[in-house]
Amino acid sequence: SAVISQKPSRDICQRGTSLTIQCQVDSQVTMMFWYRQQPGQSLTLIATANQGSEATYESGFVIDKFPISRPNLTFSTLTVSNMSPEDSSIYLCSVTGWGIGDNEQFFGPGTRLTVL
Amino acid sequence: AQSVTQLGSHVSVSEGALVLLRCNYSSSVPPYLFWYVQYPNQGLQLLLKYTTGATLVKGINGFEAEFKKSETSFHLTKPSAHMSDAAEYFCAVTPGGFQKLVFGTGTRLLVSP
């Protein structure tokens, strides 16, 4: 398994600003993902964070809105840019890879974002 | 492409009753299947998984699920519900190879005394 922490745990932000969310893992992992969970909804994958290269975005998500960094095998950031109330969601990072399970993903506790 | 369908956005049971949460999947390759639970204001916790081998898998907190290829199902059961089981449950599928998870829409389990 893996122990994952996220910062901040929650935030209230103003429209038009940006927020960077951090995801830290206690061991090196192959894959890191970022999901969004809108209020009362299921999880939707935003992107796969690739170490040393640009993230791979899912349909409907773009780099300008959700820039992602992954400088090493234990850390990633997701920025929510130029926020609007529609960005109010829980943002979760997850990890998987060799040595930490059989294709299951382990999730961080999430960042609860409210945009006013 | 893969997809997951969870029948019933809400399931209500009495404490001590059988819990049955339904999950059907679509996959062009042998799937890896998972059930996750989300308690209020918390992240996702893995309940159980099916990868290969035995089709009846047991998880934490007394839950189990059976992979039925012919029915493309992976229903979650627990013989006797407890108040602490009240939560949101998500079924998810992946083709393996550490690829992304595709989630169902979730089922909220309500347990009454």
Side-chain angles (χ1 to χ4, degrees), chain A residues 1-7 9-10 21 23 25 28-51 55-61 73 89-114, chain B residues 1-10 21 23 25 27 29-54 57-60 65 67 74 87-108 110:
Chain A
S1 65
V3 178
I4 305 159
S5 60
Q6 286 186 232
K7 290 182 182 180
S9 59
R10 58 177 63 229
I21 302 168
C23 178
V25 192
Q28 293 185 344
V29 294
T30 307
M31 306 295 290
M32 296 182 78
F33 302 92
W34 286 98
Y35 289 85
R36 180 176 73 180
Q37 185 178 24
Q38 295 177 299
Q41 303 295 316
S42 185
L43 282 79
T44 301
L45 181 67
I46 297 172
T48 303
N50 300 310
Q51 194 267 329
T56 304
Y57 290 85
E58 296 296 300
S59 176
F61 297 95
L73 294 177
S89 296
I90 300 172
Y91 293 86
L92 300 105
C93 70
S94 73
V95 304
T96 188
W98 299 107
I100 63 169
D102 189 358
N103 276 278
E104 64 261 49
Q105 291 185 18
F106 296 93
F107 285 81
T111 295
R112 186 178 296 270
L113 172 62
T114 301
Chain B
Q2 301 190 309
S3 66
V4 174
T5 300
Q6 290 185 240
L7 290 176
S9 59
H10 292 79
L21 304 183
C23 172
Y25 70 91
S27 178
V29 299
Y32 290 70
L33 293 158
F34 306 91
W35 277 99
Y36 286 87
V37 60
Q38 186 177 35
Y39 298 101
N41 299 313
Q42 295 189 26
L44 269 70
Q45 180 181 8
L46 180 67
L47 266 181
L48 50 77
K49 63 182 180 182
Y50 169 78
T51 55
T52 58
V57 293
K58 296 183 184 300
I60 61 173
F67 170 63
F74 190 56
E88 188 88 18
Y89 292 80
F90 294 96
C91 182
V93 64
T94 179
F98 304 119
Q99 296 184 50
K100 67 178 183 182
L101 287 174
V102 175
F103 283 87
T105 51
T107 298
R108 181 169 298 275
L110 307 169

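The sequence lines fix the lettering, A, B, ..., with proteins before strands; numbering per chain opens at 1.
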Look at the side chain of A/Ser42 and the backbone N and O of B/Gly106, then say whether any donor-acceptor pair between them is shorter than 3.5 Å. no
At what distance, to the nearest 0.5 angstrom, does CZ of B/Phe103 lie from CD of A/Gln37? 9.0 Å
Please tell me if the side chains of A/Gln105 and B/Tyr36 come closer than 4.5 Å, counting only heavy atoms from C-beta onward. yes
Taken to the nearest 0.5 Å, the spacing of A/Thr96 OG1 from B/Lys100 NZ works out to 15.0 Å
Please identify, among B/Gln42, B/Glu88, B/Gln99, the residue contributing the most non-hydrogen atom pairs under 4.5 Å to chain A. B/Gln99
What part of A/Glu58 gets closer than 4.5 Å to chain B, counting heavy atoms only: side chain, backbone, both or neither? side chain
Out of A/Gly108, A/Gly97, A/Gly110, which one racks up the most heavy-atom pairs below 4.5 Å with chain B? A/Gly97
Where on B/Leu44 is there a heavy atom nearer than 4.5 Å to chain A: the side chain, the backbone, both, or neither? both
Between B/Tyr32 and A/Asn103, what is the shortest heavy-atom contact and its length? CE2-ND2, 3.6 Å
Return yes if some donor-acceptor pair links the side-chain N/O of A/Tyr35 with the main-chain N/O of B/Leu101 below 3.5 Å, else return no. yes
Which atoms of B/Gln38 are under 4.5 Å from chain A, going by heavy atoms: the side chain, the backbone, both sets, or neither? side chain
A/Leu45 versus chain B, the contacting section by heavy-atom distance below 4.5 Å: side chain
Highest number of heavy-atom pairs under 4.5 Å with chain B: which of A/Gln41, A/Glu104, A/Arg112? A/Glu104
